[in-house]
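Here is the structure we will look at, set down as structure tokens.
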Amino acid sequence: MSLFRKKDLPVKPKNQQLLYSAPRRRMDKPMSCNNGIHEIKLYRNLRHAVPILDAAIQKIVRLTGSFELKCSDAAFQKRLDYFCKNVPVGAAMSSLQAFADIYLDSMITFGNALGEMCIDPKTRSISALICAEPDEVIVKPDKNPGSCNFFYPKKESCDEMMPLPHPERILFTALSPAAGEIYGTSLLRGLPSLSDILLRIYECIGQNYDRCGNVRYAVVYKPGNDPSDRAYASERAAAIAREWSDGMDAASYGDVRDFICAGDVEIKVIGAENQLMSTEIPVRQLLEQMIAKLSIPPFLLGLNWSSTERMSTQQADILTSELEYYRRLITPVLSKIGETFLRLNGSDAEVEVVWSNISLQDETELALARLRNAQAMEIEKQLEAV
């Protein structure tokens, strides 16, 4: 037996880890974008999540203005006017103007607009106009250039797509399609990533105000060196908490109370040392990108950004050109509806879509232009006579 046996040293664990990382909870981005025709749910949620986008699209639709259908045959003008004012649209609306507003709203939001002319089999006339979401029909190019084929989406029990029975009744318009493509591009394309950042900023603002905006207090009681203070520290802390709670409740009813306590008591506001981060600059940068994409003047959306009178006039001119572009897109659809109505009523007359001026300012500018042209012609005549 060895008297001087070495003590067993503690075995050091192999690969002892001294640094650990705390994983953060990763949140899935709700605004992730898929390229294709299955973006309808994304853009609908985007309008619901960011009110400024929804307000901008509604203003574009309303500022596009009203229109009238002029028939080349005066005998059918009254019938055409009555049809435009009273044609049912969906289940709860009427008038061709209501159809145009819904159709344009769908085209701007989803990049594609889909509608149908319902024909009454008994009267052989247009009984209603319906707008549908673009994903309810699959559009493919036809062998003949300039025409399309419409199919029902595939079902699980069917391997082939079924063509629509009356493709001549379908109304389809694409917004800014790429070269060689049929489907258009939504006006909201490119905004989901910016909207995701904007929503995260707003979420952080709410969280910061939950932490710092709602004032909370830390009341610390420090017992002295007296043994009695240490012995009754818990009872005194409970009494302080009770009186503090009563004082806070009384303040909510307008009764102001002062807090008096004997001993070393420290009162702090939780989070008072931390200032809320300013979000004005990043939020404005994101909104500027969105408004640049929508081509809407900021003052129309209630944004009080500094702008001069000249700048506001130029922004209004840019908006006017955008509205004219949307008018050119839906004018063929409105002409097709009017001509179909006339053909079903036995007329081969042509239909012209006459749009109203976008604003009173446009009428003023047109009047000034006519006046200046007339003055220029008068001066030219006088110079020629000399």
Distance-only, no hydrogens or angles: does the Ser106 side chain make a donor-acceptor pair with backbone N or O of Cys131 under 3.5 Å? no
For the residue pair Ser94 and Asn86, what are the closest heavy atoms and their distance? CB-O, 4.2 Å
Is any side-chain heavy atom of Ser195 closer than 4.5 Å to one of Met290? yes
Any pair with a residue in residues 88-112 that passes salt bridge (charged side-chain N to carboxylate O under 4.0 Å, His left out), sequence neighbours left out, goes on the list, sorted by first then second residue, please. Arg47-Asp105
Using the test side chain to side chain contact (heavy atoms under 4.5 Å, CB included), find all partners of Asp348 that sit at least two apart in sequence or belong to another chain. none
Taking the side chain as every heavy atom from C-beta outward, state whether Tyr325 and Ser295 have any pair of such atoms under 4.5 Å apart. no
Pick out which of Leu198, Ile57, Leu303 makes a side-chain contact (heavy atoms from CB on, under 4.5 Å) with Ile52. Leu303
Would you say the side chain of Phe99 lies within less than 4.5 Å of the side chain of Ile337, judging by non-hydrogen atoms? yes
Check this for me: does any side-chain nitrogen of one of Glu133 and Arg44 sit under 4.0 Å from a carboxylate oxygen of the other? yes
Show your working on side-chain contact (heavy atoms from CB on, under 4.5 Å) between Phe76 and Asp81 and close with a plain yes or no. CA-CA 9 Å; Phe76 288 89; Asp81 293 340; over 6 Å; no
Report yes or no: does Glu116 contribute a side-chain atom to a donor-acceptor pair with the main-chain N or O of Ile130 at less than 3.5 Å? no
State, yes or no, whether a side-chain contact exists between Leu187 and Leu294 at a heavy-atom distance under 4.5 Å. yes
Hey, would you say the Phe83 and Phe341 ring centroids sit under 6.0 Å apart? yes
Is there a donor-acceptor contact under 3.5 Å from the side chain of Lys140 to the main chain of Cys148? no
Are the side chains of Leu42 and Pro192 in touch, meaning some heavy atoms are under 4.5 Å apart? yes
Has Ser347 got a side-chain atom pairing as donor or acceptor with Arg343's backbone, closer than 3.5 angstrom? no
Is there a side-chain contact between Val265 and Ile240 in this structure, where contact means two heavy atoms from C-beta onward sitting under 4.5 Å apart? yes
Show, in sequence, the C-alpha distance, side-chain angles and deciding distance for Trp355 and Thr64, and conclude whether the side chain to side chain donor-acceptor pair (under 3.5 Å) test is met. CA-CA 9 Å; Trp355 291 90; Thr64 303; over 6 Å; no
Salt bridge flag under 4.0 Å for residues Arg328 and Glu324: no
